[in-house]
A.B. asks: 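So that we are looking at the same thing, I have put the structure below in structure tokens.
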Amino acid sequence: MDLIATIDRQLGTLAARSLTRRRRITDGACAPRQLVDGRDLLAFCSNDYLGLAAHPQVIEALREGAQLYGAGSGASHLVSGHSRAHHLLEETLAEWMAPHLEQARALTLCTGYMANLAILSALGVDADAMIFSEALNHASLIDGARLAKAGVTVYPHGDVETLTQRLAASSASTKIVVTDSVFSMDGDLAPLPALLAACERHGAWLVVDDAHGFGVLGQNGRGALEHFGLRSRNLIYMGTLGKAAGVGGAFVAAHASVIELLIQRARPYIYTTACPPALAHALLASLAIMGGDEGAERRAHLARLVEQLRGSLRLERWELAASTTPIQPVIIGSNDAALHAASRLHEQGLWVPAIRPPTVAPGTARLRVTLSAAHATDDVARLAQALNELEKAAP
Ligand SMILES: *Cc1c(COP(=O)(O)O)cnc(C)c1O
């Protein structure tokens, strides 16, 4: 069998199931209005929830960071790539998370994907450890669990009772419960207070992936732990810096001993070049905005947009997910119907991604609408009207 023909057959199978993905080429900064494949579109796709990706002060800080630190870090953190900027960012993030952790320390990594691989592979290093993984967890957590030597058990979505029974029955040397805080394709929140109570009762870690909560949730934008008012030595927090923070990268915040273990043992941290220090420098500017009055104003505007959208959609056959976050999915059902809806919106100059299996369960293909503080009320009104009309006209 010809090697390329084998690949082409696999690609043909994807295409036959309407599962082929394609990339669109964007020009200009990430913003609600973008040139996409040469067309001017109003976008509801990004995770730039606070509109900081194109913020003039963040862009200026990135420029300044490049002048101070150059373009690249040149090596991994443990060799010579750990710059002053990385270190300041870690100290700032540790201070941010200190109300929620004991002896808080933070570690930055290049991506959230790598941060999740690092946490689970280092913590679940023993074969007699057990990872209790929520059913709707992000792919990076699933891959992290695969990289770990620990056993893995998947508990049903939001089901604290089943999880508690399994924790009680487990004789694992180390128990690690891991969950998204805000589920990325549904927008709902994990029951973190109940999960944490169960973890504390059964001596388990609670690893919280707050990719969609950091910057968005909580009075000061410190994320899901602030939102729920949680504090525990059992918590291991992962926040990403390429979504609401608008730049890129991620961090883990936890007890100083956990962070030291990651530095010593986590291969996805050790064996990779430190990300450019200029990004860390830009992130300090982004955090200053997020944590100040402007951040609070942006979160308030964003919350009003979420209310506006939910109040103006009149859907009968499609289902607006029960979400209070800026992730507002419209569940359509079949892959073809979701793709059709996305392409009709596109014809009208609106960009909303269709999400299909395996990212979501079969039969629940959806339009994943995300809102940003960079949107205007007129933008949301236009989207709501288009969705209402499209549903009525849909076959
Ligand atoms: C985006 C995302 C990640 C990965 O973060 P990156 O910085 O983009 O690699 C991890 N977990 C969740 C829930 C995410 O949505």
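We count ligands from 1, going down the list as the structure has it; atoms in each ligand are counted the same way. Note that these values count all heavy atoms, side chains included, but never hydrogens, waters or copies made by symmetry. Note that the numbering runs from 1 along the sequence shown for the chain.
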A.B. asks: Would you check if Ile331 and Trp318 make a side-chain contact, meaning some heavy-atom pair closer than 4.5 Å?
C.D. replies: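 Sidechains of Trp318 and Ile331: no contact.
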A.B. asks: Distance under 4.0 Å to a non-hydrogen atom of Thr240: what atoms of ligand 1 satisfy this?
C.D. replies: 5 (O), 7 (O)
A.B. asks: Can you tell me which residue and heavy atom of the protein come closest to atom 14 (C) of ligand 1, and the distance to 0.1 Å?
C.D. replies: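 Protein heavy atom at minimum distance: Lys243 NZ, 2.8 Å.
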A.B. asks: Specify side chain, backbone, both or neither for Asn116, according to which of its non-hydrogen atoms lie closer than 4.0 Å to ligand 1.
C.D. replies: side chain
A.B. asks: List the closest protein heavy-atom neighbour of atom 7 (O) of ligand 1: residue, atom name, distance to the nearest 0.1 Å.
C.D. replies: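 For atom 7 (O) of ligand 1, the nearest protein heavy atom is Gly112 N, 2.7 Å.
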A.B. asks: Nearest protein heavy atom to atom 9 (O) of ligand 1, by residue and atom, and its distance?
C.D. replies: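 Result: Tyr113 N, 2.9 Å.
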A.B. asks: State the atoms of ligand 1, each with its element, that fall below the 4.0 Å cut-off from a heavy-atom position in Asp180.
C.D. replies: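 Counting atoms of ligand 1 from 1, those under 4.0 Å from Asp180 are 13 (C).
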A.B. asks: Between Asp37 and Arg22, does at least one N-O distance fall below 4.0 Å, as a salt bridge requires?
C.D. replies: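 Looking at Asp37 and Arg22, the cut-off is met.
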A.B. asks: Of the side chain and backbone of Thr111, name the one, both, or neither that has a heavy atom under 4.0 Å from an atom of ligand 1.
C.D. replies: both
A.B. asks: So is Ser140 touching ligand 1 or not, going by heavy atoms under 4.0 Å?
C.D. replies: yes
A.B. asks: Give the atom numbers and elements of ligand 1 that come within less than 4.0 Å of a heavy atom of Ala211.
C.D. replies: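 Numbered from 1, ligand 1 contributes 2 (C), 11 (N), 12 (C), 13 (C), 14 (C), 15 (O).
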A.B. asks: What residue and heavy atom of the protein are closest to atom 3 (C) of ligand 1, and at what distance?
C.D. replies: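 Answer, as residue, atom name and distance: His138 CE1, 3.5 Å.
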A.B. asks: I'd like to check Val306 versus Thr324 (side-chain heavy atoms, cut-off strictly below 4.5 Å). Are they in contact?
C.D. replies: no
A.B. asks: Do the side chains of Arg344 and Glu347 get close enough for a salt bridge, i.e. N-O under 4.0 angstrom?
C.D. replies: yes
A.B. asks: Would you kindly specify which portion of Ala250 sits under 4.0 Å from ligand 1, judged on non-hydrogen atoms: side chain, backbone, both or neither?
C.D. replies: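 Neither part.
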A.B. asks: Output yes when Arg105 and Glu260 qualify as a salt bridge under the 4.0 Å nitrogen-oxygen rule, no when they do not.
C.D. replies: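 Yes, Arg105 and Glu260 are salt-bridged.
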A.B. asks: Do NZ/NE/NH1/NH2 and the carboxylate oxygens of Glu60 and Arg63 come within less than 4.0 Å?
C.D. replies: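 The answer is yes: the pair qualifies as a salt bridge.
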A.B. asks: Heavy atom under 4.0 Å from ligand 1: found in His212's side chain, backbone, both, or neither?
C.D. replies: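 Side chain only.
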A.B. asks: Would you mind checking if Asp143 and Arg146 are paired as a salt bridge, meaning a charged N to carboxylate O distance below 4.0 Å?
C.D. replies: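 Yes, Arg146 and Asp143 are salt-bridged.
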A.B. asks: What is the nearest protein non-hydrogen atom to atom 11 (N) of ligand 1, stated with its residue, atom name and distance?
C.D. replies: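 Of the protein heavy atoms, Asp209 OD2, 2.5 Å lies nearest.
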A.B. asks: Between His138 and Phe183 (judged by ring centroids, cut-off 6.0 Å), do the two rings come close enough to count as a pair?
C.D. replies: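 Ring centres of Phe183 and His138 not closer than 6.0 Å.
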A.B. asks: Is it true that Tyr269 and His77 have ring centroids separated by less than 6.0 Å?
C.D. replies: yes
